[in-house]
Amino acid sequence: MTTTDALDDMFVYTDRLQRTRQELARHEVDVLMVGPSADLFYLIGTAGHLSERLTLLVVPRVGTPIIVAAGFEVPLLARQRDLAEIHAWADGQDPIALVAEATGDVRGKTIAVGDELYSVFLIRLQAGLGGARWVEGGQVLRPLRMIKDGREIELLKEAARRTDDAWVEFITQPLSGQTEREALQRLLDLTYARGLAPNFGSCGSGPHSASPHHEPGERVIQEGDAVVFDWGGTLGGYHSDVTRTLHAGEPGDEFRRVYATVLAANQAALDAVRPGVRCEAVDFAARSLIEEAGYGAAFLHRVGHGLGLGVHEEPYLVAGNTLPLQAGMVFSDEPGIYLEGRFGVRIEDTVLCTDTGGERLNEAPRELTVVG
Ligand code: ZN
Ligand code: ZN
Ligand code: ZN
């Protein structure tokens with residue numbers, strides 16, 4: 001890392017912590033506590049080490065943030081020293097006592113806790129810091145994390161671009177004769193060879209393609225199969241998340257009809273995106289098109305989820321979510337049709353809400369592709 005990067009990082013996180021304090025004031029919360037998670041990465045540039053040893057960032061509405069961490073992990077927090085005071089504990093010591101010492105008397109105060117803190121730590125904190133009111137940290141951090149800044153958007157774009165690039169190379173080879181596991185591994189290898197950190201992948205072939213999150217197995221892909229790949233990696237912590245559906249050998253009429261419907265629904269959701277539109281309206285745009293085609297009952301999930309440091313985060317594009325879209329939100333657009341015992345089709349892109357509408361961050365070819 002260059003000095004410029006380091007300075008830049010410090011500024012980014014100082015700014016995020018400052019805006020977090022404003023949110024604490026807005027929600028009348030006195031202290032925010034965040035364990036190892038995407039939230040922690042967002043606030044101080046490290047996700048921390050998720051384990052039975054407590055690592056906790058404590059952000060008071062006024063005053064210096066504190067990181068409570070196991071002593072032997074302190075060397076990993078060199079950069080974070082500029083953002084927070086580090087209070088180390090040794091094995092055999094009680095880290096909860098350190099937190100209590102740092103926060104002082106919390107009777108009558110409101111403490112927000114990051115959504116992903118282990119319940120065992122929350123229970124111990126509640127026992128050790130008596131008299132406080134405990135609320136969900138998501139309400140404080142969600143408004144910040146949902147709106148991506150220019151640097152976050154650049155990372156999401158580049159992660160998407162490299163994932164697309166892997167796909168373009170992947171589809172030059174036939175699939176028939178490979179197991180789902182082998183085919184997925186080749187796609188992931190191509191993706192991670194482009195500098196993305198490994199994250200997740202799923203591949204379902206033939207009847208397995210009708211299961212949205214199928215765990216790839218030993219089934220051998222053969223001519224006549226639909227094959228759904230859903231995968232991604234991370235760049236600087238930010239995710240890519242793409243789904244494409246291939247067909248091994250020439251598809252029949254129904255597959256073509258289903259594929260065309262899903263593709264049109266993907267486009268309809270994209271076209272519905274603009275600031276002020278409710279999240280649920282984007283889901284509705286895709287769903288009504290699929291319903292009209294007679295496959296409403298086969299669209300088994302919401303149309304999309306936010307994407308950033310988390311692979312599933314706010315905003316969720318789902319019926320009942322009246323949250324209005326804002327410029328800077330990034331989410332998936334992933335309609336699917338799943339015909340049990342037969343085949344499934346899903347097409348997933350990452351979309352940025354801009355001032356004027358939706359912009360796809362990835363452009364891996366989405367027209368029907370037939371492979372050997
Ligand atoms: Zn998923
Ligand atoms: Zn996906
Ligand atoms: Zn997704």
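Read the numbers this way: they start at 1 and go in the same order the structure lists the ligands and their atoms.
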Grab the two heavy atoms, one from S209 and one from F343, that are nearest each other, plus how far apart they are.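 It is OG-CA, 3.4 Å.
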Within less than 2.8 Å of the Zn ion (ligand 3), any N, O or S from H305?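 A backbone or side-chain N, O or S atom of H305 is under 2.8 Å from the Zn ion (ligand 3).
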Decide, counting backbone as well as side-chain atoms, whether E348 has an N, O or S atom less than 2.8 Å from the Zn ion (ligand 3).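 Yes - counting backbone and side chain alike, E348 has an N, O or S atom under 2.8 Å.
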Hey, are the side chains of R278 and P324 touching, using non-hydrogen atoms and a 4.5 Å cut-off? no
Rounded to the nearest 0.5 Å, how far does CZ of R346 lie from CD1 of I337?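 Here the rounded value is 12.5 Å.
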Which atom of D230 approaches the Zn ion (ligand 2) most closely (N/O/S):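 Closest to the Zn ion (ligand 2) among those atoms: OD1.
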Report the atom name of the nearest N/O/S atom of E334 relative to the Zn ion (ligand 3). OE2
N, O or S atom within D241 nearest to the Zn ion (ligand 3), by name: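 Output for this pair reads OD2.
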Test: R302 cationic atom under 6.0 Å from Y316 six-membered ring centre, within 45° of axis: no
E28, CD: over 12 other non-hydrogen atoms inside 6.0 angstrom: no
